[in-house]
Amino acid sequence: MVYLQRLKALPSPDDLTPAEARYVQEHFDTYAGEVIVNGQAIPWNWINEVEVAKAARAAGPAGWVVRHLVHGDERYHVGLYFGQMEAVLSNVTLNIARHIVQTIAYYAPAPVRYTGPDGLTPLTGS
């Protein structure tokens, strides 16, 4: 299994564009004891897995319009799993996904399993 490696520093919000920073501020609010994802409070010690997956896009003209004109680039979903529950941040940029994963790696007091693209944050395990 692969786990997030604990980080010694928070990711910098300066690495986000103004629109990305606004999204993070509105949907992913962090505190020392918990994170609030879309209004749902989750204690850091409850999070046991994070998954980052490429958002599916419809084929055909509608999918092309959404991909190229609405979003402008590839989008991802970030799922946080805790107990039998999940919280999902949908249709985020890779930069936002990286920021969220690195923030979890900084705050989470216990090992957190990771599934997703390589290179978003340091990982441990095999």
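- The closest side-chain donor-acceptor pair between E49 and Y114, if any, does not fall under 3.5 angstrom.
- Side-chain contact between V78 and L80 is present, with at least one heavy-atom pair separated by less than 4.5 Å.
- Within the 4.5 Å cutoff, the side chain of P117 has heavy atoms near those of the V52 side chain.
- Of all heavy-atom pairs spanning Q40 and M85, the tightest one is NE2-CE, 3.3 Å.
- To the nearest 0.5 Å, atom NZ of residue K54 and atom NE2 of residue H77 are 12.0 Å apart.
- In this structure the side chain of V35 reaches within 4.5 angstrom of the side chain of I47, judged on heavy atoms.
- Nearest heavy atoms, E20 versus D15: OE1-O, 4.4 Å.
- Atom CG of residue N45 and atom CG of residue N48 lie 10.5 Å apart, to the nearest 0.5 angstrom.
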Practice task
Go through the steps for Y23 and V92 under the test side chain to side chain contact (heavy atoms under 4.5 Å, CB included), then give the verdict.
Solution key: CA-CA 9 Å; Y23 178 91; V92 300; 3.4 Å; yes
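- In this structure, the side chains of L123 and Q5 stay at 4.5 Å or more apart for every pair of heavy atoms.
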Practice task
Could you walk me through whether I42 and E34 pass the side chain to side chain contact (heavy atoms under 4.5 Å, CB included) test, one step at a time?
Solution key: CA-CA 5 Å; I42 307 164; E34 66 186 6; 5.9 Å; no
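- Linking ILVMFWY side-chain heavy atoms closer than 4.5 Å, directly or via other members, places W44 and V88 in two distinct hydrophobic clusters.
- The hydrophobic cluster containing I36, built from Ile/Leu/Val/Met/Phe/Trp/Tyr side-chain heavy atoms closer than 4.5 Å, also comprises Y31.
- To the nearest 0.5 Å, the span separating OG1 on T93 from OH on Y76 amounts to 9.5 Å.
- Taken to the nearest 0.5 Å, the CD1 atom of I96 stands 6.5 Å off from the CZ atom of R75.
- Summarising the geometry, atom CD belonging to E74 is positioned 11.0 Å from atom CG belonging to N91; distances are rounded to the nearest 0.5 Å.
- Among residues two or more places apart in sequence or in another chain, the ring pair (Phe, Tyr, Trp, His ring centres under 6.0 Å) test is passed with F82 by none.
- Expressed to the nearest 0.5 Å, how far OG1 of T124 lies from CE of M1 amounts to 12.0 Å.
- Both L4 and L7 belong to a common hydrophobic cluster when Ile, Leu, Val, Met, Phe, Trp and Tyr are linked at side-chain heavy-atom distances under 4.5 angstrom.
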Under 3.5 Å, side-chain donor or acceptor atoms of residues 100-109 against the rest of the protein: list the pairs with distances, not counting sequence neighbours.
residue, atom, partner, partner atom, Å
Q102, NE2, L120, O, 2.8
T103, OG1, H99, O, 2.7

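- No side-chain heavy atom of V50 sits under 4.5 Å from any side-chain heavy atom of Y81.
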